Amino acid sequence: MVKTQTITSMTEQQISEVAQHLENAELNAQDVVKITDQYPGLTFNEALDIQWAIRARKVARGTRIVGMKMGLTSYAKMAQMGVDKPCYGFLADYFSIPQGGEINSKELIHPKVEAEIAFVTNAELSGPGCNTGQVLTATDFIVPAVEVIDSRYKDFKFDLPSVIADNSSSSRFVIGGRAMSVNEVDLRTIGVVMEKNGSVVELGAGAAVLGNPAASVAMLVNMLAERGEVLPAGSFVMTGGITAAVAVEPGDAIVVRYQHLGDVNMKVV
Ligand code: 0L1
Ligand code: MG
């Protein structure tokens with residue numbers, strides 16, 4: 001456990017200790033208190049340093065990074081959290097569950113599912129100043145995807161720096177439905193219906209995500225630029241929840257029906 005202390009700038013050793021602490025919480029499916037309880041002065045940059053250190057730990061063990069996710073991209077969710085800025089995280093290879101597959105609740109703490117639209121790019125995107133038009137030009141296709149978020153923090157209680165350090169609650173995702181060109185659909189009006197055990201639990205439309213899910217990809221690119229990073233060609237990006245996150249437990253069957261794009265489904269075991 002990390003020692004309680006009030007600091008305004010963390011050493012590399014402290015970044016590394018917190019990264020190990022949060023990654024262990026993820027790997028052992030063991031909740032922890034939010035990291036700002038130990039580090040009240042945690043800055044956004046330090047939180048990102050921790051997230052990138054977790055990513056580096058996984059890569060060093062041979063895990064592949066297969067995509068990126070944006071989180072807190074709906075104004076409703078930002079208001080609920082009392083934040084004015086979305087966050088991003090990375091997707092590791094073992095987060096990917098096939099269409100119709102099983103979400104193993106034993107590997108997770110308190111999973112919730114979110115209906116999202118994912119983009120796959122065919123050209124490098126770089127910021128600052130990346131805009132929605134550049135994203136649409138660089139999009140190979142979109143595909144429906146459901147994110148399973150799982151905050152490592154007890155009772156899903158955190159603040160923005162804490163959740164950024166915790167890889168923005170990334171844990172699993174399922175890609176389903178069919179791929180389509182952005183020219184074939186109006187991203188803002190794509191309708192989504194989420195069903196749990198046959199009952200409709202959430203509804204939404206693409207515009208819930210920053211007015212247009214392509215704006216979420218542009219925001220990711222501009223956030224990456226703040227750290228000197230680009231979004232390479234061929235990237236898979238989940239743009240954030242169109243619907244509220246829905247808690248799931250063993251025995252639940254989730255089907256998300258997307259207008260034009262088909263269904264995404266999974267079972268929780
Ligand atoms: O993907 C998301 O929108 C979630 C980001 C982190 C906040 C949360 O865990 O609810
Ligand atoms: Mg999400």
Side-chain angles (χ1 to χ4, degrees), residues 22-23 25-26 29 31-36 42 44 47-48 50-51 54-55 66-92 95-97 103 105 108-119 142-176 187 190 192 194 201-202 204-217 219-220 223 235-248 254 256 258 264 266:
L22 287 176
E23 200 202 10
E26 178 227 320
D31 60 6
V32 294
V33 295
K34 68 181 190 302
I35 215 66
T36 47
L42 187 72
F44 289 109
L48 280 168
I50 294 165
Q51 184 190 123
I54 294 172
R55 177 178 170 142
V66 298
M68 297 294 290
K69 62 142 305 171
M70 284 290 279
L72 301 171
T73 45
S74 84
Y75 292 112
K77 213 164 161 181
M78 277 188 265
Q80 184 183 30
M81 285 289 298
V83 300
D84 59 359
K85 207 173 151 179
C87 54
Y88 69 79
F90 64 83
L91 303 173
F95 293 2
S96 175
I97 304 294
I103 307 297
S105 59
L108 304 172
I109 302 165
H110 38 203
K112 297 182 183 178
V113 292
E114 296 181 328
E116 309 206 4
I117 293 174
F119 283 55
I142 56 165
V143 71
V146 170
E147 183 179 25
V148 182
I149 53 169
D150 191 35
S151 175
R152 267 54 69 169
Y153 298 122
K154 193 168 164 41
D155 302 327
F156 256 92
K157 292 220 169 73
F158 46 70
D159 44 35
L160 193 54
S162 294
V163 78
I164 290 170
D166 182 32
N167 193 20
S168 297
S169 306
S170 309
S171 75
R172 299 288 183 270
F173 64 94
V174 180
I175 301 173
L187 286 160
I190 290 178
V192 167
M194 182 188 282
V201 286
E202 286 292 333
V209 177
L210 298 174
N212 185 328
S216 172
V217 181
M219 188 177 280
L220 169 65
M223 285 171 150
S235 290
F236 172 78
V237 180
M238 298 194 59
T239 53
I242 292 171
T243 60
V246 172
V248 290
I254 298 294
V256 184
Y258 291 73
V264 181
M266 70 207 68

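If you're wondering where the values come from, they're calculated on a predicted model, not measured in any experiment. Just follow the structure's listing: the first ligand is 1, and inside any ligand the first atom is 1.
One distance of note links CG of Leu220 with SG of Cys87; it measures 11.0 Å at 0.5 Å rounding. One finds the CE atom of Met70 at 5.5 Å from the CE atom of Met219 (value rounded to the nearest 0.5 Å).
The two residues Glu23 and Ile54 have their closest heavy-atom pair at CG-CG2, 3.9 Å. Of all heavy-atom pairs between Lys157 and Lys34, the closest is O-CB, 3.7 Å.
Phe156 carries Lys112 over the face of its six-membered ring, with the cationic atom under 6.0 Å from the centre and within 45° of the normal.
Between Ser168 and ligand 1, not a single N/O pair is under 3.5 Å apart. At least one N or O atom of Leu72, backbone or side chain, sits closer than 3.5 Å to an N or O atom of ligand 1. The shortest N or O to N or O distance between Glu116 and ligand 1 is not under 3.5 Å. In terms of polar-atom proximity, defined here as any N/O pair under 3.5 Å, Glu147 does make such a contact with ligand 1.
Evaluated by nearest non-hydrogen atom to atom 2 (C) of ligand 1, the leading choice among Arg152, Glu114, Lys112 is Glu114.
Near Gly71, the atoms of ligand 1 lying under 4.0 angstrom from a non-hydrogen atom of the residue are 1 (O), 2 (C), 3 (O), 5 (C). For ligand 1 and Lys69, the ligand atoms under 4.0 Å from any heavy atom of the residue are 1 (O), 2 (C), 4 (C), 5 (C). In the vicinity of Val163, heavy-atom distances shorter than 4.0 Å reach the ligand 1 atoms 6 (C), 7 (C). For ligand 1, the atoms sitting less than 4.0 Å from at least one non-hydrogen atom of Phe156 are 9 (O), numbered in the order shown with element in parentheses.
Among heteroatoms of the N, O or S kind in Glu147, OE1 lies nearest the Mg ion (ligand 2). Among the heteroatoms counted here (N, O or S) of Glu116, OE2 is the one nearest to the Mg ion (ligand 2). Closest approach between the Mg ion (ligand 2) and any N/O/S atom of Glu114 involves OE1.
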